[in-house]
**Student:** 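What follows is a single structure, and I will ask about it in a moment.
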Amino acid sequence: MSDDLQNRLSTILERQARICAGTVQLLGLESLRDRLGPRWPAVRDRVHQLTERLLKQSLDPADIVFPYGTDTYLVVFARLDERAASLLCARILQDLQRLLLGDADAATIVVRTAVRQVSGDLVVRPHRLSDMMADAAADDAAGESDAKPEGADHQGTAGAPPGGRAASLTGAGGTPGEPGWVPLAAQGGGTFRQDDVTAAWAARGQLGPLEIVYRPVWDAIHQSVSLYVARGRRVRRGGQAVYGYDTIPQTAAGSLSAENLAAILELDEETVRQAIAVYLDLYDSRFRFYLSLPVHYETLAAMRRRRSYLALASRIPAHLVPFLSYHLVGLPAGTPTGRLADFVTALRPVGRGVTVEVRLGRQDMGILEAAGVKGVGVVLPGVDDPLALPTALDGPGTERPLADRVATDLGLVAAEAQRRRLKLYVEGVHTVEAEALIDRVGADFVAGDLIGGWTMTPRHIARLTRVELLANSRQSSGA
């Protein structure tokens with residue numbers, strides 16, 4: 001163990017006497033990284049997003065989890081003992097392998113428990129999932145022979161879900177091996193105190209400095225990569241990237257504080273400053289491309305914030321304005337046509353037009369058309385939810401129950417956009433299968449890992465046919 005990790009674990013374990021049946025687990029993604037091999041760098045961010053989602057679903061509100069290093073999470077359980085906590089963490093790794101690879105190799109899944117020995121030495125004790133499953137099966141067999149009542153605790157598994165430790169390896173529907181979660185039983189005997197892990201908690205959620213990055217967009221009509229979308233990015237400790245307005249706490253909440261609103265405006269304005277500075281340097285080097293700048297509804301909603309943003313945008317050099325457009329994010333449902341038209345009119349002198357981000361599904365875009373909007377943009381659930389669409393990592397026969405619904409909802413958006421003569425931009429196209437769906441509905445602009453990842457510097461306009469795009473994808477995936 002590194003000195004830093006040993007110091008952090010020591011801080012936690014020194015006060016662990018106050019934690020009822022508490023345990024500290026290290027959940028590492030090494031097994032996934034090894035099985036993915038050269039594909040790991042391209043999918044690492046999405047693997048971390050899925051890991052954090054599964055952890056959030058599985059942990060008790062009193063538990064704490066935060067990233068340590070590049071591909072490891074430190075999980076502090078408030079009440080589960082070592083065996084139950086190890087099984088829970090191993091189950092998360094098992095489901096990750098199954099969801100991303102189509103199968104799970106229990107022999108490769110190892111979780112580690114941080115413990116302090118009687119001698120005072122700090123050690124990390126490994127637990128292999130295959131061994132734990134064998135132990136659980138043996139315990140269940142012994143329990144049945146003794147006619148032990150269902151739900152009674154096995155020796156050493158205080159705090160496990162009803163039905164014994166094997167229940168934590170069973171899906172919510174009761175089918176062994178299927179993804180799903182058994183809710184953790186409520187535990188008594190004290191509460192977890194956050195000040196017990198102050199040193200560890202301080203590292204959780206810390207974000208690095210803001211940087212503006214760019215994603216290439218494929219123009220399906222002109223068969224070229226000519227447009228880049230700009231977005232803010234911050235990197236958490238451990239290396240995971242957070243994009244756009246997700247870098248601002250509570251932007252998805254119903255009501256935003258004055259601090260949130262100020263942070264949204266600051267992010268939008270800093271995006272303009274950095275993106276225009278980069279474009280000016282590239283323009284002097286004879287690079288040409290189209291650039292889409294994000295702007296949040298809240299930035300334009302209040303007159304004071306709108307004036308501040310437009311005052312900055314009005315200083316954009318005139319020779320760059322024909323290459324700029326704006327991507328409006330966070331437009332509330334039911335916004336009046338006149339209000340949206342005010343936004344479009346205000347941005348018209350500083351860009352080519354406005355695209356509005358909309359949700360998937362049936363909706364009336366008459367208001368957008370009447371307000372003078374040029375296009376609509378949707379983000380496929382695959383960007384933040386690897387369960388939603390098939391991916392290149394899926395094994396044969398892997399089911400994606402949301403795929404059909406996503407395809408239907410996207411078709412409804414595309415049909416309405418075509419009826420209103422609005423350009424359709426689709427983000428989150430990471431695979432050949434997703435691109436085939438986009439091709440069927442007739443999207444005009446496509447972005448995602450299949451086209452290209454985030455970069456610090458846009459490139460010159462380049463021709464790219466659909467045949468070349470798919471050929472490049474197959475080569476990069478090793479097909």
Side-chain angles (χ1 to χ4, degrees), residues 5 23-37 39-61 63-77 80 85-106 108-114 126-129 132 168-169 171-172 177-182 184 200-201 203-207 233-243 246-247 381-389 391-395 398 400 402 428 430 449:
L5 177 57
T23 184
V24 180
Q25 296 288 322
L26 281 79
L27 189 152
L29 303 181
E30 298 87 354
S31 59
L32 265 175
R33 184 181 62 203
D34 293 342
R35 294 191 65 186
L36 289 170
R39 292 178 290 173
W40 173 255
V43 300
R44 179 175 175 274
D45 282 350
R46 280 186 284 155
V47 172
H48 276 280
Q49 289 169 1
L50 179 56
T51 303
E52 293 187 1
R53 199 190 71 167
L54 294 178
L55 282 167
K56 183 177 180 181
Q57 291 176 350
S58 309
L59 298 182
D60 186 272
D63 301 332
I64 289 179
V65 59
F66 62 92
Y68 177 79
T70 55
D71 299 316
T72 301
Y73 292 87
L74 193 63
V75 187
V76 183
F77 288 92
L80 290 186
S86 298
L87 274 171
L88 181 58
C89 289
R91 174 57 194 273
I92 292 174
L93 292 176
Q94 181 187 38
D95 282 353
L96 280 170
Q97 286 196 8
R98 183 179 294 111
L99 292 168
L100 295 169
L101 299 171
D103 66 273
D105 184 359
T108 68
I109 297 175
V110 179
V111 295
R112 294 162 288 166
T113 304
H127 302 275
R128 193 179 305 275
L129 177 58
M132 290 189 286
S168 64
L169 298 175
E178 288 299 316
W181 298 99
V182 176
L184 299 179
W201 183 258
R204 180 183 183 273
Q206 287 185 355
L207 297 175
R233 178 174 73 183
R234 296 180 186 272
V235 179
R236 287 183 179 143
R237 289 191 58 172
Q240 186 193 5
V242 181
Y243 292 91
D246 289 340
T247 61
V383 171
D384 296 318
D385 185 358
L387 303 180
L389 286 175
T391 74
L393 302 179
D394 292 336
T398 303
R400 294 295 191 224
L402 298 181
H430 302 314
D449 291 348

**Student:** Indicate yes or no: at least one non-hydrogen side-chain atom of Phe77 is less than 4.5 angstrom from one of Cys89.
**Tutor:** yes
**Student:** Heavy atoms only: give me the nearest Leu93-Gly28 pair and the separation to one decimal.
**Tutor:** CD2-O, 3.4 Å
**Student:** Rounded to the nearest 0.5 Å, how far does OG of Ser58 lie from CG of Leu88?
**Tutor:** 5.5 Å
**Student:** In Å and rounded to the nearest 0.5 Å, what is the CG to CG distance from Leu29 to Leu50?
**Tutor:** 10.0 Å
**Student:** What are the two closest non-hydrogen atoms of His430 and Asp449, and how far apart are they?
**Tutor:** ND1-N, 3.1 Å
**Student:** State, yes or no, whether a side-chain contact exists between Thr72 and Leu27 at a heavy-atom distance under 4.5 Å.
**Tutor:** no
**Student:** Would you give the length of the straight line joining atom CD of Glu52 to atom OH of Tyr73, rounded to the nearest 0.5 angstrom?
**Tutor:** 4.0 Å
**Student:** Working to the nearest 0.5 angstrom, can you tell me the gap between Ser31 OG and Gln94 CD?
**Tutor:** 11.0 Å
**Student:** Rounded at 0.5 Å granularity, tell me how far CG in Asp34 sits from CH2 in Trp40.
**Tutor:** 9.5 Å
**Student:** How far does CZ of Arg35 sit from CG of Leu96, to the nearest 0.5 angstrom?
**Tutor:** 11.5 Å
**Student:** Mind checking side-chain contact (heavy atoms from CB on, under 4.5 Å) for Arg233 and listing every partner two or more places apart, or none if nothing turns up?
**Tutor:** Glu211, Val213, Ala241, Tyr243, Trp454, Met456
**Student:** With a 4.0 Å cut-off, would you call Asp71 and Arg44 a salt bridge?
**Tutor:** yes
